[in-house]
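Working notes, beginning with the structure itself.
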Amino acid sequence: MTRYERPGAHAERNAPAGSGGSGGSAGPIGPIGPDFWTLLGPDFAGKSTLLGRLHDVHGWHVISYDDRYLDGYPLIRELRRNWVDDAFAWTGRRYSAELVLSVLHPIVLHLRDELARAAGRDRVIVDSYYYKLLAKCRLFGVDHPPLFDYWRSFGQPRGVLYLDLPPEDAWLRSGRGATLNAFEHHGTPAGRTGFVRLQSELRTAVLAEVERLPLTVIDATEPPESVVAEVLACLGMAVAR
């Protein structure tokens, strides 16, 4: 199992954009707290399966906009279901970028609000938080800096776990494109070249968003049980401190 850890640059977390790190793509971020973790990774890295194991077997409180965690939030479920195929797909034609992001914004607020409701709980982990949504929107040209700066002002996790999967492996896991949606590839129709390009760009963009946070990168090409064991070791070591 390949893993590397990078301590967060806590002293620089509120430094202005461009002040250092791997390019300084983001402006000031919110305070780092002790109460939660974030799980990140590209599409098809296995985040949903891993979060399900953490929740069902190991007692972690998972915050996510996946359907299984939205039983009490029908509004968020409907926004999520409609956002990619309706709002995002028609950006610049039927809808402006600002309108499209205004529909996405409640989904991000839901993650923030769920974190507030989970304050004081042990073992809280957030699925991607706002990082992946923000990075993808920027890559697709759906950009509104004031809104993104507001998201960045939210409280930050004590650590980020990144499941690292090469784009070519992710393409195979997607059934060679059979299960893709429009938010997972460049170009129309979906194809390998557009998928690999987006996923490569996404890795760079997401890691830039979390460059000032404590980060552990985990090899997601390993067997699922090995990945689960590695994640549990990371979380367990931190919880035991």
Side-chain angles (χ1 to χ4, degrees), residues 1-4 38-56 62 64-70 77-94 100 103-104 107 125-143 160-210 215-231:
M1 172 66 69
T2 301
R3 181 181 85 188
Y4 74 79
T38 294
L39 182 69
L40 271 173
D43 298 313
F44 303 99
K47 294 188 304 300
S48 295
T49 301
L50 178 54
L51 290 168
R53 285 285 299 274
L54 291 176
H55 178 272
D56 298 340
V62 173
S64 173
Y65 45 79
D66 275 359
D67 277 354
R68 71 164 291 183
Y69 303 103
L70 295 177
R77 177 186 284 119
E78 290 306 310
L79 288 173
R80 175 186 179 273
R81 288 177 177 175
N82 292 328
W83 191 80
V84 170
D85 293 334
D86 187 1
F88 170 73
W90 289 91
T91 305
R93 292 175 290 167
R94 183 179 294 170
V100 167
V103 178
L104 182 60
I107 299 173
I125 191 164
V126 184
D127 180 2
S128 300
Y129 205 11
Y130 65 83
Y131 307 122
K132 189 174 178 180
L133 292 171
L134 188 157
K136 276 194 175 186
C137 285
R138 293 186 69 197
L139 290 172
F140 281 113
V142 184
D143 203 358
V160 174
L161 305 179
Y162 185 87
L163 301 182
D164 203 13
L165 185 73
E168 294 79 7
D169 292 74
W171 172 252
L172 295 176
R173 290 188 185 184
S174 76
R176 299 180 186 272
T179 61
L180 297 183
N181 66 50
F183 205 46
E184 294 171 339
H185 62 89
H186 283 306
T188 303
R192 180 185 177 280
T193 299
F195 176 81
V196 168
R197 181 162 69 90
L198 176 65
Q199 299 303 317
S200 298
E201 295 170 350
L202 180 62
R203 183 184 192 277
T204 300
V206 164
L207 291 178
E209 278 297 324
V210 299
L215 172 70
T216 302
V217 177
I218 296 171
D219 183 359
T221 66
E222 295 288 337
E225 290 302 321
S226 297
V227 175
V228 170
E230 187 71 11
V231 168

May I ask you to decide if P42's main-chain N or O and K47's side chain share a donor-acceptor pair within less than 3.5 Å? yes
Distance col, row E230:CD vs L163:CG, nearest 0.5 angstrom, shows 10.5 Å
Go through the structure and list residues passing ring pair (Phe, Tyr, Trp, His ring centres under 6.0 Å) with Y131, not counting sequence neighbours. Y129
List in chain and number order the residues that pass side-chain hydrogen bond (donor to acceptor under 3.5 Å, both in side chains) with D66, two or more places apart in sequence or in another chain; answer none if no residue qualifies. S48, R80
Which heavy-atom pair separates A220 from L165 by the least distance, and what is that distance? O-CD1, 3.9 Å
Taking atom CZ of R81 as the centre, report whether more than 12 heavy atoms of other residues, nucleotides or ligands fall under 6.0 Å from it. yes
Indicate yes or no: at least one non-hydrogen side-chain atom of F44 is less than 4.5 angstrom from one of T179. yes
With sequence neighbours excluded, residues passing ring pair (Phe, Tyr, Trp, His ring centres under 6.0 Å) with F183: W83, F88, F140
Heavy-atom closest pair, residues V100 and A87: CG2-O, 3.3 Å
For Y69, what residues pass the ring pair (Phe, Tyr, Trp, His ring centres under 6.0 Å) criterion, not counting sequence neighbours? H55
Point-to-point distance, once rounded to the nearest 0.5 Å, from CG of L70 to CD1 of I107: 9.0 Å
Restricting to ring pair (Phe, Tyr, Trp, His ring centres under 6.0 Å), what partner residues turn up for Y130, sequence neighbours left out? none
May I have all residue pairs that pass salt bridge (charged side-chain N to carboxylate O under 4.0 Å, His left out) and include part of residues 177-200, sequence neighbours excluded? R197-E201
Please name all residues satisfying side-chain hydrogen bond (donor to acceptor under 3.5 Å, both in side chains) with R173, sequence neighbours left out, ordered by chain then number. none
Test of understanding: with side-chain hydrogen bond (donor to acceptor under 3.5 Å, both in side chains), list the residues that count as partners of T221, not counting sequence neighbours. D219
Rounded to the nearest 0.5 angstrom, the CG-OG distance for L133 and S128 is 7.5 Å
Taking all non-hydrogen atoms of both residues into account, name the closest pair between G52 and R68 and its distance. CA-NH1, 3.6 Å
Below 4.5 Å, heavy atoms only, C-beta onward: do L104 and C137 meet side chain to side chain? yes
Residues which pass salt bridge (charged side-chain N to carboxylate O under 4.0 Å, His left out) with K132, listed by chain and number, not counting sequence neighbours: D43
Using the rule given for side-chain contact (heavy atoms from CB on, under 4.5 Å), can you reason through Q199 versus H186, listing the C-alpha separation, both sets of side-chain angles and the distance that settles it, and then say yes or no? CA-CA 9 Å; Q199 299 303 317; H186 283 306; over 6 Å; no
Does the side chain of I125 reach to within under 4.5 Å of the side chain of T38, using non-hydrogen atoms? no
Measure the spacing between CG of D164 and CZ of R203 and express it to the nearest 0.5 Å. 4.0 Å
Start with the C-alpha distance between L215 and L207, add both sets of side-chain angles, then the distance that settles side-chain contact (heavy atoms from CB on, under 4.5 Å), and finish with yes or no. CA-CA 9 Å; L215 172 70; L207 291 178; 4.0 Å; yes
Once salt bridge (charged side-chain N to carboxylate O under 4.0 Å, His left out) is applied, what residue pairs with a partner in residues 82-94 remain, sequence neighbours excluded? D86-R94
Whether the side chain of S200 engages the backbone of V196 through a donor-acceptor N/O pair (distance < 3.5 Å, no angle test) should be reported. yes
Could you give the distance from CG (L39) to CG (L51), rounded to the nearest 0.5 Å? 5.0 Å
What residues, two or more places apart in sequence or in another chain, satisfy side-chain contact (heavy atoms from CB on, under 4.5 Å) together with N82? E78
When rounded to the nearest 0.5 Å, the distance separating CD1 of I218 from CG of L50 is 8.0 Å
Show your reasoning for whether side-chain contact (heavy atoms from CB on, under 4.5 Å) applies to L161 and L40. CA-CA 6 Å; L161 305 179; L40 271 173; over 6 Å; no
How would you list, by chain and number, every residue that makes a side-chain contact (heavy atoms from CB on, under 4.5 Å) with T49, sequence neighbours excluded? none
Please determine whether side-chain contact (heavy atoms from CB on, under 4.5 Å) holds for the pair L79 and Y65, giving the CA-CA distance in whole Å, both sets of side-chain angles, and the decisive distance to 0.1 Å. CA-CA 10 Å; L79 288 173; Y65 45 79; over 6 Å; no
